[in-house]
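Here's the structure, in structure tokens; my notes come after.
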There are 2 protein chains.
Amino acid sequence: MPQLTIEDIARLAGVSRSTVSRVLNSQPSVRPAVRDRVQEVIIAHGYTPQAAARQLVTQRTRSIGLILPDNVYNLFGNPIFALMSQGVSQVCAQQGYTSLLFMGRQDMNEQDMFKMLRGREFDGVVLISSNTNDTYAAFLKETGIPYTRIGHEPEQDDLRYVDVDNVEAARIGVKHLISLGHRRIAMLKGLARDTCTSDRYQGYKEALEEAGIPLDPELVGDGDWSTASGYELTKRFLRLERPPTALFSSNDMMVAGVIRAVHEQGRRVPEDLAIVGFDDLPQTTMIFPDLTTIRQPCVELGIRAAEMLIEQLEQDTKETTPMHVILPTTLVIRESCGFKRRSVVS
Amino acid sequence: MPQLTIEDIARLAGVSRSTVSRVLNSQPSVRPAVRDRVQEVIIAHGYTPQAAARQLVTQRTRSIGLILPDNVYNLFGNPIFALMSQGVSQVCAQQGYTSLLFMGRQDMNEQDMFKMLRGREFDGVVLISSNTNDTYAAFLKETGIPYTRIGHEPEQDDLRYVDVDNVEAARIGVKHLISLGHRRIAMLKGLARDTCTSDRYQGYKEALEEAGIPLDPELVGDGDWSTASGYELTKRFLRLERPPTALFSSNDMMVAGVIRAVHEQGRRVPEDLAIVGFDDLPQTTMIFPDLTTIRQPCVELGIRAAEMLIEQLEQDTKETTPMHVILPTTLVIRESCGFKRRSVVS
DNA sequence: TTGTATGCGTTATCAT
DNA sequence: ATGATAACGCATACAA
């Protein structure tokens, strides 16, 4: 297959390169008859312009990078990233962009990734990151490469991001447990470096405080988002002298571990332990009792992020207006919390 | 940030473009003193060559595409692809390549994907596909774009692929159940379009035949690799007049559904149903009883595929020798099969 | 060892 | 509406 160039097509169609180029970019100023002839030759030879040559002159790749968190468990193990990236690529496809999924952190060192970015391999990036002091965010800011972020840092110095109100979301989840009569409510935290971890913990504390329930440090577990950590921490909770009657988990993945720990002790959900999760993973219904959880609009987060990024890429002005979008969460009540407790043994 | 070019660096370092280029590509023929000076300027300005320009002249991108199956459940839901891609990107990183994860099937129509391939955005691709009549494989073959495949089709017309012996692997798994005294052994199949589905089914049939056990069609379920399908089919099995005492699942994901169905019936694993899975997912130990399963060397599959592809890319001759690599599987015996049955009630 | 010149395949700016 | 021609930023063959 001696790859044809635009020059070859031009010759074969009996026109100049310019005309072929015009056809390729569907510019109006070309006679229909000529256009058809050129199109025919293009299709007949399966010609496609070389991306590199095009990029060199336009200085655009029409592709964006999608950078995911580095936690291996989260990466493929946690479907929320699949959902987010689904939203991103959906928008990209519509707008004629391609999105390259980039597990920049897992399989490539930062320096190489930075090199790709500086090498202009992407017009922009969607960064999924709730990390505080994220090095990618810092790099992107410094170099001025367009990006939008899913998640954000407290300083809020990201130009554009989409996120949910994690404090409020968690508060509502815990309040739900309180409204059912629970007073010993355990909390499973995510990785400390993630902003949403402290935010969700904050929501937990606020809910307790509003209800006049003192915070018991024994009931707070430092997880890492993984099922394994949910398992280990729950075992610890259940060994407590006064074990919790309810548990709020910072994500659904950890709940899988919680369930196993509870069952291993011969106890039951929700009778012995009521559970509220976070994320609302579609898959979970297959694995454990239908989970009451805080629904996060993952696909929508991806959609909005991609839209904001592409809008920035397409604008002609150099200055970009900051945009911080907060999407709503929903408390989805199912079966993992049971009903209101009659007698409350505090 | 007015992006600098090689010309700028040359001027700043007081040398010609060629010299800077030589430094960039670490060619020997440049005086150490000069090299250092140029390096300094490069670093000082954070210069990185533009990928497009470099690609245009070299006609190589040094990046490969990694195309995954289109089944959404499999995509992120099934960690084996994470493991495979981990192997691929590991090798790529070592060899100075970058691998772009490409969910070509989920988020992009085939035509757009083909355009990218023809546009030379990748030097080659690793195709994870066990599909029969895979359109991507056909396209790659037709265009002559270098690729290696993880999985293969029966016709074996892929130039280079890595796979396991699915027939043999399944046969061993089922034989294990037979050796424990089971004679009513159900089989959970994967998607019909996947070659490995029919291969594993073939192994199942061979094992039964060797043991003189007649095949009972009632005990064969057409799954789709998903947990949900494992759940539904198992419910059906358990409602049978003579339910199976053992089950062989074509992958571990479906086993999650099997377990739930069994528990819902108030039955137990392995007492009421012995289970052998396939894959040996690291995560599963958290969710169900430690699973006896056929281990597939996923990471290794990715490694070998990437190695074979890069070898092909680096060679100078046009002709590539075919390579078909079959990696060994292992029966990992854990707890989901229990011990030998005393009395065998056929 | 270093510099000069040419070309990679495309788009874009001019003419016509 | 179409065709020459000049970039785009880099690597490389050839000269020096």
Side-chain angles (χ1 to χ4, degrees), chain A residues 1-39 41-42 45-63 96 115-121 123 316, chain B residues 1-39 41-42 45-63 96 115-121 123 316:
Chain A
M1 313 279 165
Q3 279 286 350
L4 297 185
T5 74
I6 197 175
E7 189 70 50
D8 299 319
I9 302 299
R11 197 161 24 72
L12 290 164
V15 295
S16 72
R17 317 199 260 286
S18 321
T19 301
V20 178
S21 178
R22 282 188 263 269
V23 172
L24 285 172
N25 299 285
S26 49
Q27 289 177 17
S29 58
V30 46
R31 251 189 316 160
V34 178
R35 171 182 308 269
D36 291 347
R37 184 152 39 91
V38 174
Q39 287 281 26
V41 178
I42 288 176
H45 294 78
Y47 165 75
T48 302
Q50 254 191 58
R54 179 173 266 181
Q55 287 163 22
L56 181 57
V57 50
T58 61
Q59 292 292 44
R60 315 195 57 224
T61 63
R62 291 198 76 80
S63 75
K115 192 178 290 182
M116 289 194 69
L117 258 9
R118 271 200 303 253
R120 291 232 191 48
E121 310 213 17
D123 292 344
D316 8 55
Chain B
M1 312 277 165
Q3 278 288 351
L4 297 185
T5 74
I6 196 173
E7 190 70 48
D8 300 318
I9 301 299
R11 197 162 20 75
L12 288 165
V15 296
S16 72
R17 314 200 270 283
S18 328
T19 300
V20 177
S21 177
R22 282 188 263 268
V23 172
L24 285 171
N25 298 286
S26 49
Q27 289 177 17
S29 58
V30 46
R31 250 190 317 159
V34 179
R35 172 181 307 270
D36 292 348
R37 184 151 39 93
V38 174
Q39 288 280 25
V41 178
I42 289 177
H45 294 78
Y47 166 75
T48 302
Q50 254 192 58
R54 180 174 264 182
Q55 287 164 22
L56 179 58
V57 51
T58 61
Q59 292 292 50
R60 315 195 57 224
T61 64
R62 291 197 76 80
S63 76
K115 193 179 290 184
M116 289 194 69
L117 258 8
R118 270 199 302 253
R120 289 231 191 43
E121 311 213 18
D123 292 344
D316 8 55

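Each chain gets a letter, A, B and so on, in the order the sequences are listed, and its residues count up from 1.
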Rounded distance (Å) that lies between atom [atom2] of [N] and atom [atom1] of [X]:
X: B/Ile6; N: D/dT12; atom1: CD1; atom2: P; answer: 11 Å
X: A/Arg60; N: D/dG9; atom1: CZ; atom2: P; answer: 16 Å
X: B/Asn25; N: D/dT12; atom1: CG; atom2: P; answer: 6 Å
X: A/Gln27; N: C/dT10; atom1: CD; atom2: P; answer: 15 Å
X: A/Arg11; N: D/dA4; atom1: CZ; atom2: C1'; answer: 17 Å
X: A/Asp36; N: D/dA1; atom1: CG; atom2: C1'; answer: 15 Å
X: B/Gln50; N: D/dA11; atom1: CD; atom2: P; answer: 11 Å
X: B/Arg17; N: C/dT6; atom1: CZ; atom2: P; answer: 11 Å

Is any side-chain heavy atom of [Y] closer than 4.5 Å to one of [X]?
X: B/Gln59; Y: A/Gln50; answer: yes
X: B/Val15; Y: B/Arg37; answer: yes
X: A/Val23; Y: A/Val34; answer: no
X: A/Arg54; Y: A/Ile6; answer: no
X: A/Tyr47; Y: A/Leu24; answer: yes

Closest to the [X] side chain, choosing from [options]:
X: B/Thr5; options: D/dT5, D/dC10, D/dT2; answer: D/dC10
X: A/Arg31; options: C/dG3, D/dT2, D/dA11; answer: D/dT2
X: B/Arg22; options: D/dA13, C/dT10, D/dT2; answer: D/dA13
X: A/Thr58; options: C/dT11, C/dG9, D/dG9; answer: C/dT11
X: A/Leu24; options: C/dG3, C/dT11, C/dT13; answer: C/dT11
X: A/Arg54; options: C/dT2, C/dT11, D/dC10; answer: C/dT11

For a quick test of reading the model: is some side-chain N or O of [X] closer than 4.0 Å to OP1 or OP2 of [N]?
X: A/Gln59; N: D/dA7; value: no
X: B/Ser16; N: C/dT4; value: no
X: A/Ser21; N: C/dT11; value: yes
X: B/Tyr47; N: D/dC10; value: yes

Q) Across the strands shown, which category fits B/Gln55 at heavy-atom distances under 4.0 angstrom: base, sugar-phosphate, nothing? A)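 It contacts nothing in the nucleic acid.
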Q. What nucleic acid atoms does B/Ser29 come within less than 4.0 Å of, heavy atoms only: base, sugar-phosphate, or nothing?
A. base
Q. B/Asp8 side chain to B/Thr5 main-chain N or O, any donor-acceptor pair under 3.5 Å?
A. yes
Q) For the side chain of A/Arg120 and the base of D/dG9, is some donor closer than 3.5 Å to an acceptor across the two? A)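 Such a pair does not exist between side chain and base.
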Q.
Using a distance-only criterion (donor-acceptor N/O pair, under 3.5 Å, no hydrogens), is the base of C/dT4 paired with the side chain of B/Ser18?
A.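 Indeed, a donor on one side and an acceptor on the other fall under 3.5 Å apart.
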Q | Earlier contact from the 5' end, DNA chain C, for B/Leu56 and B/Arg35 | A |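 Looking at the nearest nucleotide for each, B/Arg35 comes out on the 5' side.
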